Amino acid sequence: MSEFKIICRHVQNQEELLESYSLRKEVFVEEQKLFKRTDRDRHDKHAIHIIALYNNKIVGTVRVHRDKGDIWYGSRLAVLKRFRGKAGKILIEKAIEVVKEKRANNFLAYIQERNIIFFKRLHWKPVGPIITYHNEPHQLMEAELE
């Protein structure tokens, strides 16, 4: 599995959007048990959904949405187990590219504590204390947009 074969792009149709929701459910509901039935929320309707594809199959997803003014958030980064360490980095880079195109001044995300080191390697910085979200420690982090 070569990294160059994984591509990231915006969701292009309803079928891809539903498939990205299904992948998120697999990761956040079934595997990690962060949510009981679904992880979908009010941000899904207005978010830009990004997918990672390997051989035309969705193997990862993330969404970005505007909060206030030029502040954007990334969330629901989900990658199939066998593609972790490959698709996640590419999805994060694509999310940063998208918010830069939207002229974001700040790009933030609540990161699961176990993933803080991974995000630090990608030049994200912790902001404030660790909080509990759905019984899981999360750190607010900010991407370097320069």
Side-chain angles (χ1 to χ4, degrees), residues 1-68 70-127 133-146:
M1 175 174 44
S2 302
E3 189 169 325
F4 69 87
K5 291 183 182 176
I6 298 173
I7 61 162
C8 288
R9 62 168 171 75
H10 295 230
V11 163
Q12 293 180 345
N13 55 51
Q14 187 69 12
E15 183 181 336
E16 288 180 350
L17 182 61
L18 293 175
E19 195 174 332
S20 74
Y21 289 156
S22 178
L23 189 151
R24 284 174 26 189
K25 183 176 182 182
E26 181 179 333
V27 171
F28 297 123
V29 177
E30 297 164 12
E31 178 189 331
Q32 296 181 359
K33 307 206 183 320
L34 288 176
F35 302 90
K36 289 187 184 204
R37 288 189 281 297
T38 182
D39 73 313
R40 291 177 61 182
D41 64 17
R42 63 187 169 90
H43 299 298
D44 282 318
K45 185 176 181 181
H46 303 289
I48 298 169
H49 297 269
I50 301 166
I51 52 176
L53 297 140
Y54 178 75
N55 288 340
N56 295 314
K57 180 182 178 343
I58 296 175
V59 298
T61 186
V62 68
R63 68 181 185 185
V64 298
H65 68 275
R66 184 187 311 269
D67 187 43
K68 294 175 185 153
D70 296 330
I71 299 171
W72 283 72
Y73 277 84
S75 57
R76 302 301 198 263
L77 174 65
V79 177
L80 293 176
K81 273 188 177 180
R82 71 184 209 113
F83 291 91
R84 291 183 189 158
K86 296 167 181 58
K89 179 178 184 277
I90 300 167
L91 280 162
I92 293 164
E93 289 168 350
K94 182 66 174 177
I96 290 170
E97 177 186 312
V98 168
V99 300
K100 281 181 174 182
E101 288 171 2
K102 298 293 183 182
R103 302 196 189 289
N105 283 333
N106 303 88
F107 184 39
L108 303 160
Y110 283 97
I111 308 302
Q112 290 180 11
E113 188 175 40
R114 66 179 143 224
N115 296 323
I116 292 172
I117 292 170
F118 174 68
F119 275 80
K120 282 183 175 178
R121 280 191 218 120
L122 299 175
H123 309 288
W124 287 62
K125 293 182 174 39
V127 178
Y133 178 70
H134 286 273
N135 298 315
E136 182 80 24
H138 282 70
Q139 172 70 60
L140 182 62
M141 297 187 80
E142 185 168 7
E144 188 176 288
L145 296 179
E146 298 299 315

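Sequence positions, counted from 1, serve as the residue numbers for this chain. No hydrogens, no waters, no symmetry mates; every other heavy atom, side chains included, goes into these values. As the structure is a computational prediction, the values presented were derived from the model and not from experiment.
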J.: Please round to the nearest 0.5 Å and tell me the distance separating atom CZ of R40 and atom NZ of K45.
T.: 11.5 Å
J.: Is there a ring pair (Phe, Tyr, Trp, His ring centres under 6.0 Å) between F118 and W124? Walk through the geometry before answering.
T.: CA-CA 9 Å; F118 174 68; W124 287 62; 9.9 Å; no
J.: Could you grab the distance from atom OG1 of T38 to atom CZ of F28, nearest 0.5 Å is fine?
T.: 11.0 Å
J.: Which distance, rounded to the nearest 0.5 Å, do you find between the CD of E97 and the CG of L145?
T.: 12.5 Å
J.: Rounded to the nearest 0.5 Å, what's the gap from NZ on K125 to CE on M141? Could you check?
T.: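 Answer for the NZ-CE pair, K125 versus M141, is 9.0 Å.
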J.: Is there a donor-acceptor pair closer than 3.5 Å between any side-chain N or O of H65 and the backbone N or O of H46?
T.: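 Not at all, since once roles are kept as given, no pair shorter than 3.5 Å links the two residues.
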J.: Do the rings of F83 and Y54 sit parallel, tilted or perpendicular, given the 30° and 60° boundaries?
T.: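 It falls in the tilted class, 30° to 60°.
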J.: Can you list everything that forms a side-chain hydrogen bond (donor to acceptor under 3.5 Å, both in side chains) with E113? Sequence neighbours excluded, please.
T.: none
J.: So which atom in E16 and which in Q12 form the shortest heavy-atom distance, rounded to 0.1 Å?
T.: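 Minimum heavy-atom separation between E16 and Q12: OE1-N, 2.7 Å.
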J.: If you take all heavy atoms of L80 and E26, which pair is closest and at what distance?
T.: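 Of all heavy-atom pairs spanning L80 and E26, the closest is CD2-OE2, 3.5 Å.
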J.: Taking salt bridge (Lys or Arg N to Asp or Glu O under 4.0 Å) as the definition, give me every residue that meets it alongside D41, ordered by chain and number, with sequence neighbours left out.
T.: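 Here the qualifying residues are R63, R76.
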J.: Output the distance between atom NE2 (H10) and atom NZ (K94), rounded to the nearest 0.5 Å.
T.: 5.0 Å
J.: Please walk me through it: do K86 and I90 pass side chain to side chain contact (heavy atoms under 4.5 Å, CB included)?
T.: CA-CA 7 Å; K86 296 167 181 58; I90 300 167; 5.7 Å; no
J.: Does CD in E15 sit with more than 12 non-hydrogen atoms of other residues, nucleotides or ligands closer than 6.0 Å?
T.: no
J.: Minimum heavy-atom separation for L23 and G60, please, with both atom names.
T.: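 Heavy-atom minimum between the residues: CD1-N, 3.6 Å.
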J.: Decide yes or no for E93 and I96: does some side-chain heavy atom of the first lie under 4.5 Å from some side-chain heavy atom of the second?
T.: no
J.: Heavy atoms only: give me the nearest G74-A109 pair and the separation to one decimal.
T.: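 Reported closest heavy-atom pair: O-CB, 3.4 Å.
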J.: Going by the side chain to side chain contact (heavy atoms under 4.5 Å, CB included) test, name the single residue among V62, V59, T61, I6 that passes it with L91.
T.: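 Of all the options given, the one that passes is V62.
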J.: Decide if atom NE2 of H123 counts as having more than 12 heavy atoms of other residues, nucleotides or ligands within a radius under 6.0 Å.
T.: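 Result for NE2/H123: open.
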J.: For N135, does the CG atom sit with more than 12 other heavy atoms under 6.0 Å from it, leaving out its own atoms?
T.: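 No, because the 6.0 Å sphere around CG of N135 holds 12 heavy atoms or fewer from other groups.
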J.: Is the shortest heavy-atom distance from the side chain of L140 to the side chain of L108 under 4.5 Å?
T.: yes
J.: How about E136 and Q32: does a side-chain donor come under 3.5 Å of a side-chain acceptor?
T.: no
J.: Does a side-chain heavy-atom distance below 4.5 Å link D70 with R66?
T.: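 Answer yes - side chains close enough.
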J.: Check the orientation of Y73 and Y110. Use parallel for under 30°, tilted for 30 to 60°, and perpendicular for over 60°.
T.: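 Judged by the thresholds at 30° and 60°, the geometry between Y73 and Y110 is parallel.
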J.: Looking at every non-hydrogen atom in both residues, tell me the closest pair between A87 and V79 and how far apart they are.
T.: CB-CG1, 3.9 Å
J.: Find the distance between OH (Y133) and CD (Q112) and round it off to the nearest 0.5 Å.
T.: 10.5 Å
J.: So I48 and E101, do their side chains get closer than 4.5 Å, heavy atoms only?
T.: no
J.: Who are the side-chain hydrogen bond (donor to acceptor under 3.5 Å, both in side chains) partners of E142, not counting sequence neighbours?
T.: N106
J.: Go through the steps for L34 and D39 under the test side chain to side chain contact (heavy atoms under 4.5 Å, CB included), then give the verdict.
T.: CA-CA 8 Å; L34 288 176; D39 73 313; over 6 Å; no
J.: Quick one: closest heavy-atom pair of V127 and Q139, and the distance?
T.: O-NE2, 3.2 Å
